[in-house]
Amino acid sequence: MKFSFLALARQALAGHGGWPAQWRMPEPKPAYDAIVLGAGGHGLATAYYLAAEHGMRNVAVLEKGWLGGGNTGRNTTIIRSNYLWEESEAIYEHSVKLWETLSRELNYNVMYSPRGVMMLAHTIHDVQVFRRHVHANRLAGIDNEWLTPAQAKEFCPPLNIAPGMRYPILGAALQRRGGTARHDAVAWGYARAADRLGVDIIQNCEVTGIRRDAAGAVSGVETTRGFIATRRLGVVAAGHTSVVMAMAGVRMPLESYPLQALVSEPIKPAMPCVVMSNTIHAYISQSDKGELVIGAGTDVYTSYSQAGALHVTTHTLDAICELFPDFRRVRMLRNWGGIVDVTPDRSPIIGTTPVPGLFVNCGWGTGGFKATPGSGHVFAATIARGEPHPIAAPFSLDRFRTGRLIDEAAAAAVAH
Ligand code: FAD
Ligand code: PYC
C-alpha cells in the first residue's frame, strides 16, 4: 500500500465543505491517558482493544507517515499458528482465533481467507523439523498434518513434484486453518473501529523524543507537532524500535533487515493455497485481485532501506519458477521492501520495560502480520493493567537477561 486512505479522502473532500463528522482528522490534544507510537496493524489493534476492552478512550496513535504504510502494508499476509514452542503456539493460535471473527468484530471485511498454508520439505532435515512441528502442534490442539509429495500436489495442483528437480519435494506440512487476509483492510478496519470509539489517530506526527520526570517515569513525547503529555507510552514501531527506545535510554536486542516481496500481473485463479519454502526462501499465494504474491528472504546485511537486494529477488524467482513451471511466463508488476526487526531467538518482545510507563511490542521479524490481532489484544491488556498479559509474559525483554529464550528460528518461514 503506497498511499494514505485518509490523505486521499482529505484531498477528495477539499472544496466540498470539509470533513463529515465521522471522518474527523484529529489534532493532538495536550494530554492522553495512553499513547501508542506507530499506526501499523499492531499499534492500531492495541488502540482498538484499549478502547473496546479496557474503557480507555482518551488514547492517541502517533504515526510518522501514514497509517498502514510500514510493514503492515508491505507484507505477504500469511497467517498460521504452526509454531514449535508452547509460548508461541499460545500467542499465534490466540491470533488465529481472533482472525476468524475479526471482520464481524470490526464491522469491516478484512478478507480473512483460511485457504491452507503448506510448508515444503526439500531435505531430510526439513522433514524431521516439520514432522516435529506437526506432533507439537497436534499435542497443543492446533491443526497441522504431514503430506506425501503426491498429497501435496493433490492439494496444490500447480506444484512440481518431479523427483529430479533442483529442490526435490520430500513432503509438506499443511495447516488447513492457515491462510491470508487483506493487509490494508486490517489497518483500516482497526483504525475505523478505534476512531469510532474516540481514539485519535494522528498521521504525519513523528515522535522525536521521550520525556521522563524526576523519578524516571514517562511524562510525554516530543513530536514534530509539539509536546504531548502522557504517563503510558506503548512503542510499536517495527524496524525502528531500537531508535525509538534509545530516546528513553533503553538498549534493545534487535537488528533491522530489509525483507522484500513482489506481485505479478493479475491472472485467472491458479493458486488454491499458500505455499512456503523456508529452505529456498520463497513463498507464494494468489490475491483476490489475481496477482501472484511472492516473498523472498531477508537481505544478509542490516539496513533501513525499504527495498531488498536484486540477487535475493532473482534467487527467489528462480526457485518459484522451478516449483511452479506454469508461472514461468508470468510478468512481475512491482516489488518493494519493508524493514523487519529481528531478535536473537526470533520471537517477539511484548511487555514492560525498565522505564515506568514505557511498554514495548517489537521483534516480530518476518512473521508479525499473522499476529496482529493477538498482539494488539495482549499488548492493550499489558498497557491497561501495567503488567504483562499471561500470553505476553514469556515474551518479556527480561528473557535476554535470564536466558529463558523461545527459539523459533525453524518456524520463521524465511531464513534470516
Ligand atoms: P508496522 O506496520 O511497520 O508499523 C510500525 C509503524 O511505526 C510504521 O507505520 C512506522 O512509520 C511507525 N513509526 C516508526 N517510528 C516512528 C516514530 N518515531 N514516530 C511515529 N511513528 C513511527 N508477517 C506474517 O505474519 N506473514 C507474512 O506473510 C509476512 N510477510 C512479510 C513480507 C514482507 C516483505 C515484510 C517486510 C514483512 C512480512 N511480515 C509477514 C512481517 C510483518 O509485516 C510485520 O511483522 C508486521 O506487519 C509488523 O506490524 P507492525 O504494526 O508492528 O509494524
Ligand atoms: O511468517 O508466515 C510467515 C511469513 C511468510 C512470509 C514472511 N513471513
Is the closest side-chain donor-acceptor distance between Ser264 and Glu291 under 3.5 Å? no
Heavy-atom nearest pair, His94 first then Gly374, reads CD2-CA, 3.8 Å
Check for me whether the distance between the ring centres of Tyr190 and Tyr49 falls short of 6.0 Å. yes
Is the shortest heavy-atom distance from the side chain of Arg104 to the side chain of Leu102 under 4.5 Å? no
Please tell me whether Gln260 and Thr313 have a donor and an acceptor in their side chains that are separated by less than 3.5 angstrom. yes
Quick one: pull up CZ in Phe400 and CG in Leu405 and give me the separation to the nearest 0.5 Å. 6.0 Å
Would you say Arg138's side chain and Asn144's backbone share a donor-acceptor pair under 3.5 angstrom? yes
Can you find a heavy atom in the side chain of Val218 that is under 4.5 Å from one in the side chain of Arg232? no
Tell me, with the steps shown, if Trp85 and Tyr92 meet ring pair (Phe, Tyr, Trp, His ring centres under 6.0 Å). CA-CA 11 Å; Trp85 301 108; Tyr92 291 105; over 10 Å; no
Met118 and Leu147: CA distance, side-chain angles, deciding distance, side-chain contact (heavy atoms from CB on, under 4.5 Å) verdict: CA-CA 9 Å; Met118 201 163 71; Leu147 303 184; 3.8 Å; yes
CD1 on Ile406 to CZ on Arg399, rounded to 0.5 Å: 5.0 Å
Taking Arg331 first and then Glu265, would you say they form a salt bridge - that is, a charged N and a carboxylate O separated by under 4.0 Å? yes
Verify the distance criterion only: is there a donor paired with an acceptor across the side chains of Thr352 and Glu387 at less than 3.5 Å? no
Any side-chain heavy atom of Thr298 sitting closer than 4.5 Å to one from Thr366? yes
Can you name the closest pair of heavy atoms from Thr316 and Gly297 and give their distance? OG1-N, 4.2 Å
Please tell me if the side chains of Phe369 and Asn71 come closer than 4.5 Å, counting only heavy atoms from C-beta onward. no
At what distance, to the nearest 0.5 angstrom, does OG1 of Thr302 lie from CG of Leu254? 12.0 Å
Starting from the C-alpha separation in whole Å, work towards a yes-or-no answer on side-chain contact (heavy atoms from CB on, under 4.5 Å) for Ile320 and Leu292. CA-CA 11 Å; Ile320 291 289; Leu292 295 175; over 6 Å; no
Please check this pair: side chain of Glu63 against backbone of Ala39, looking for a donor-acceptor N/O pair closer than 3.5 Å. yes
Side-chain (Trp99) to main-chain (Lys370) donor-acceptor, under 3.5 angstrom: yes
Evaluate the side-chain contact (heavy atoms from CB on, under 4.5 Å) criterion for residues Val342 and Tyr257: first the C-alpha distance (whole Å), next the side-chain angles of each, then the deciding distance (0.1 Å), finally the verdict. CA-CA 8 Å; Val342 175; Tyr257 289 89; 4.1 Å; yes
If every non-hydrogen atom of Val186 is compared with every non-hydrogen atom of Ala181, which pair is closest and at what distance? CG2-CB, 4.4 Å
Answer with yes or no whether the side chains of His240 and Ser256 bring together a donor and an acceptor at under 3.5 Å. no
Could you tell me whether a side-chain N or O of Ser305 sits under 3.5 Å from a main-chain N or O of Ala307, the two making a donor and an acceptor? yes
So, for Gly189 and Leu106, which heavy atoms are closest and what is the spacing to 0.1 Å? C-CD1, 3.7 Å
Main-chain N/O of Thr148 paired with Gln151 side-chain donor or acceptor, under 3.5 Å: yes
A quick test of your reading: do over 12 heavy atoms of other residues, nucleotides or ligands sit less than 6.0 Å from CZ of Arg225? yes
For the atom pair CE (Met119) and OG1 (Thr279), what is the distance rounded to the nearest 0.5 Å? 10.0 Å
Do other residues, nucleotides or ligands put more than 12 heavy atoms under 6.0 Å from the CD atom of Glu86? no
To check you understand the geometry: which heavy-atom pair defines the closest contact between Pro356 and Gly216, and what is its length? CD-O, 4.0 Å
With no hydrogens and no angle check, is any side-chain donor or acceptor of His281 less than 3.5 Å from a backbone partner on Ser277? no
Would you tell me whether Glu322 and Asn160 have side-chain atoms, one donor and one acceptor, within less than 3.5 Å of each other? no
Decide salt bridge (Lys or Arg N to Asp or Glu O under 4.0 Å) for Asp143 and Arg177; before the verdict, give the C-alpha distance in whole Å, the side-chain angles of both, and the deciding distance to 0.1 Å. CA-CA 7 Å; Asp143 73 303; Arg177 285 162 62 245; 2.9 Å; yes
Sub-4.5 Å side-chain heavy-atom contact between Val263 and Arg334: yes
Quick one: do the Asn75 and Thr77 side chains pair a donor with an acceptor below 3.5 Å? no
Any side-chain donor paired with an acceptor under 3.5 Å for Ser113 and Arg115? yes
One pair to check against side-chain contact (heavy atoms from CB on, under 4.5 Å): Leu139 and His135. What are the steps and the verdict? CA-CA 6 Å; Leu139 275 174; His135 296 312; 5.6 Å; no
Below 6.0 angstrom between ring centroids: does that apply to His389 and Phe379? no
Do Leu50 and Val36 touch side chain to side chain, with heavy atoms closer than 4.5 Å? yes
Mind running salt bridge (Lys or Arg N to Asp or Glu O under 4.0 Å) on Asp326 and Arg328 for me, showing each step along the way? CA-CA 6 Å; Asp326 293 358; Arg328 279 198 177 133; over 6 Å; no
Look only at the side chain of Gln286 and the backbone of Met271, and say whether a donor-acceptor pair between them is shorter than 3.5 Å. yes
Between Asp200 (side chain only) and Lys29 (backbone N and O only), is there a donor and an acceptor less than 3.5 Å apart? no
With a 4.5 Å cut-off on side-chain heavy atoms, are Ile280 and Leu323 touching? yes
dist Ile339:CD1 -> Glu255:CD (nearest 0.5 Å) comes out at 14.0 Å
Classify the ring geometry of Phe327 against Phe324: parallel below 30°, tilted from 30° to 60°, perpendicular beyond 60°. parallel
Do side-chain atoms of Arg231 reach the backbone of Ala34 as a donor and acceptor pair under 3.5 angstrom? no
Can you check whether Val250's main-chain N or O pairs, donor with acceptor, with Thr353's side chain at less than 3.5 Å? no
Quick one about Ser375 and His42 (side-chain donor to acceptor, distance below 3.5 Å, no hydrogens or angles considered), yes or no? yes
Indicate the atoms forming the closest heavy-atom contact of Glu408 with Ser88, along with that distance. OE2-OG, 2.7 Å
Between Asp195 and Arg192, does a salt bridge (Lys or Arg N to Asp or Glu O under 4.0 Å) hold up when you go through it step by step? CA-CA 5 Å; Asp195 175 78; Arg192 287 164 62 124; over 6 Å; no
So, do Tyr304 and Val243 sit near enough that their side-chain heavy atoms are less than 4.5 Å apart? yes
Can you tell me how far NE2 of His54 sits from CZ of Arg385, rounded to the nearest 0.5 angstrom? 5.5 Å
Single hit among Val207, Thr208, Val235 for side-chain contact (heavy atoms from CB on, under 4.5 Å) with Val221: Val207
